[in-house]
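There's a structure below that I have some questions on.
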Amino acid sequence: MSIVAASHLQLIIEFAILLHVGVLLLLNLVNLRLSLVFIVSLLVGGAITFIFGIDAICLVLPMLNHHEFTHPYGAIAILSIVTAWATIPAMESQKVRTSNIRLLIILLTIGITLFGAVVHRDFLIMWILGLIVGFFILGKSYNRTSFLSIRRVGFLIIALLVVFGVMEALSYVLQMEIISPLSRIDRMNSNQFSSLKLVIDNTNLFGHSANATYWGNSSMGNSDGYISLPLTLITTFGLPYPLFYGILVTKKDVIDYFLPGIFGVGFDFGYLVLALVIIWIIIVMIVGFKILDKYRDQRERGNKKYLGREALLTGSLSAFIAQTILGFFVITRIMNGAAMIAYILLSAMIMAHVVTTKR
C-alpha cells in the first residue's frame, strides 16, 4: 500500500502525524531550560516583528508587493510573545530582575500590534484574543490578580475600536480600500449568506455534493482543496490534487475565505471529519491544561525543572485557543493554507508535553 497521500485530507493527516512525532522528539531531546525558552521566544518574537514591519511598509508603498505574513505567522507571534511574558513571573520567583526584560517584551508586543493591525484586521482580533487568554492563564497559574481586569479589558476593546477607526480614516485619506475594516465587513456580508446556504444544502456525512463546487461535475465530492496545506508544498512534490490558482477572491471566497472554519471543514471533508476535528481540539485543550496544572504543582513544591516547559506550554495553549476561536468561528483563512502548518504545529507543541524523558 502506497504511503503517498491520495487527497488533501490524507496529506493533512500524514503531515500532522509526522509533525506531532517530530515535535515530541525535539522537545524531549532538547533540555528546555527557562533561559533557553526565554531567548528563543525573544528571537522569534523579534523576527516576526521585523517581517510584520517590512510587510506593513510594503502595504503602504504601492511599488512594493506585500505578502500578508500575519496569516501564516500570526499564531506563532502569539506563541512567542505569550511565552516570553510567561517567563517573567518564573524569573521573578528566582529573584531575577526583570525590569529591562519586561520593557523589551512590551516593545515587541506594541510593534507586533501596530504592524499586524496595518497588514490585516483579522490578525489584530486574534492577537488581542491570544494575549487575553495568555494573561488569564498566567494569572491562574501564579495565583495573582490578573493583569486583565474588567477595566483593562474595556480599555483594550476601546483601543481596538480606535485602531479600526484610524485605519478607516487612513483608507479614505490614502484612498487605500485594502486597509478599510468597513470594506472587509461589506465583503463578508455580501458573501457569507449565499455561502452558508450553499454549504448547508450540499454538505453530507463524508463530503459534499459534487456539482456544488467550483469544479462542477469533475469534483471528487471530498477534499476538493477548499481546505488544504500550502499550495507550494503540494506542487513541490508534484501531488495531483485540485488546486486554486488566481481565483481566491472571485471563486474561493464563496466557501473558503469568509466562511467560519467549521463550515469550510464540514463542506470539504464532511460532517464525520468535522466531528473528529472538534473532538481532537477538545482533547488538545484538556490535555494542555491538565499538564499545565502538573507543572504548576511541581513548581509550587520547589521543583524548577519544568519552568521552561510551563512557559512554552502557556504560550502554545494561548495561541492554539485564539487561532481555534477565530479560525473555526469567524474566518477559515486563519487556519487554512500556510496558517494550517502553524495550527498543526501548535497542536504538536501541546501534545508533546504528554511525554517527558528523565535525564
Subject >> salt bridge (charged side-chain N to carboxylate O under 4.0 Å, His left out) partners of Arg97, counting only residues at least two apart >> reply: none
Original post:
Under a single-linkage definition using a 4.5 Å side-chain heavy-atom cutoff for Ile, Leu, Val, Met, Phe, Trp and Tyr, are Ile341 and Leu9 assigned to the same hydrophobic cluster?
Top reply: yes
Output side-chain donor-acceptor pairs under 3.5 Å for residues 75-89, partner residues at least two apart or in another chain, one line each.
from, atom 1, to, atom 2, distance (Å)
Ser80, OG, Ile76, O, 3.2
Ser80, OG, Ala77, O, 3.0
Thr83, OG1, Leu79, O, 2.5
Trp85, NE1, Thr109, OG1, 3.2
Thr87, OG1, Ala84, O, 2.6

Original post:
Is there a chain of hydrophobic side chains (I, L, V, M, F, W, Y, each step under 4.5 Å between heavy atoms) that links Ile128 to Ile110?
Top reply: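 Linked, Ile128 and Ile110 end up in one cluster.
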Original post:
What about Tyr241 and Leu18, same hydrophobic cluster or not, with Ile/Leu/Val/Met/Phe/Trp/Tyr joined at side-chain heavy-atom distances under 4.5 Å?
Top reply: no
**OP:** Answer yes or no: is there a side-chain heavy-atom contact under 4.5 Å between His71 and Arg333?
**Re:**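 They are in side-chain contact.
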Original post:
Does a side-chain heavy-atom distance below 4.5 Å link Arg309 with Leu313?
Top reply: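 Heavy-atom side-chain distance check fails, nothing below 4.5 Å.
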**OP:** Examine distances only and state if a side-chain atom of Asn202 and a backbone atom of Leu198 form a donor-acceptor pair shorter than 3.5 Å.
**Re:**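 Confirmed, Asn202 side chain pairs with Leu198 backbone.
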**OP:** Find out whether Met340 and Ser228 are in side-chain contact, i.e. whether some heavy atom of one side chain is under 4.5 Å from a heavy atom of the other.
**Re:**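 Not touching, per the 4.5 Å side-chain cut-off.
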Original post:
How about Tyr343 and Phe320: are their ring centroids closer than 6.0 Å?
Top reply: yes
**OP:** With the side chain counted from C-beta on, respond yes when His20 and Ile344 share a heavy-atom pair under 4.5 Å apart, and no when they do not.
**Re:**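 A side-chain contact under 4.5 Å exists here.
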**OP:** Kindly write out the residues that satisfy ring-ring contact (aromatic ring centres under 6.0 Å, His included) with Phe38, not counting sequence neighbours, or none if the list is empty.
**Re:** none
Subject >> Between Asp224 and His208: side-chain donor-acceptor atoms closer than 3.5 Å >> reply: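 On atom types as modelled, these side chains qualify, holding a pair under 3.5 Å.
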Subject >> Chi angles and distances behind the side chain to side chain contact (heavy atoms under 4.5 Å, CB included) call for Phe269, Leu274 >> reply: CA-CA 7 Å; Phe269 305 130; Leu274 175 61; over 6 Å; no
Original post:
Can any side-chain N or O of Gln323 pair as donor or acceptor with the backbone N or O of Met126 at less than 3.5 Å?
Top reply: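 Not confirmed, Gln323 side chain does not pair with Met126 backbone.
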Original post:
With sequence neighbours left out, what residues match Arg296 under salt bridge (charged side-chain N to carboxylate O under 4.0 Å, His left out)?
Top reply: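 Arg296: salt bridge (charged side-chain N to carboxylate O under 4.0 Å, His left out) contacts with Asp293.
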Subject >> Sequence neighbours excluded - salt bridge (Lys or Arg N to Asp or Glu O under 4.0 Å) pairs with any residue from residues 201-218 >> reply: Lys197-Asp201
Original post:
What pairs meet the salt bridge (Lys or Arg N to Asp or Glu O under 4.0 Å) rule with one or both residues in residues 310-328, with sequence neighbours excluded?
Top reply: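 Pairs touching residues 310-328 that pass the test: Arg299-Glu310.
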**OP:** Please examine the side chains of Leu259 and Phe267, heavy atoms only from C-beta on, and report whether any two atoms are closer than 4.5 Å.
**Re:** no
**OP:** Answer yes or no: are there more than 12 heavy-atom neighbours, outside Tyr295 itself, under 6.0 Å from its atom OH?
**Re:**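 Counting neighbours around OH of Tyr295, more than 12 heavy atoms of other residues, nucleotides or ligands fall under 6.0 Å, so yes.
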Original post:
Can you say whether the rings of Phe123 and Trp127 are parallel (under 30°), tilted (30 to 60°) or perpendicular (over 60°)?
Top reply: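 Aromatic pair Phe123/Trp127 classed parallel.
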**OP:** State plainly whether one hydrophobic cluster holds both Ile12 and Phe237, where clusters connect Ile, Leu, Val, Met, Phe, Trp and Tyr through side-chain heavy atoms under 4.5 angstrom apart.
**Re:** yes
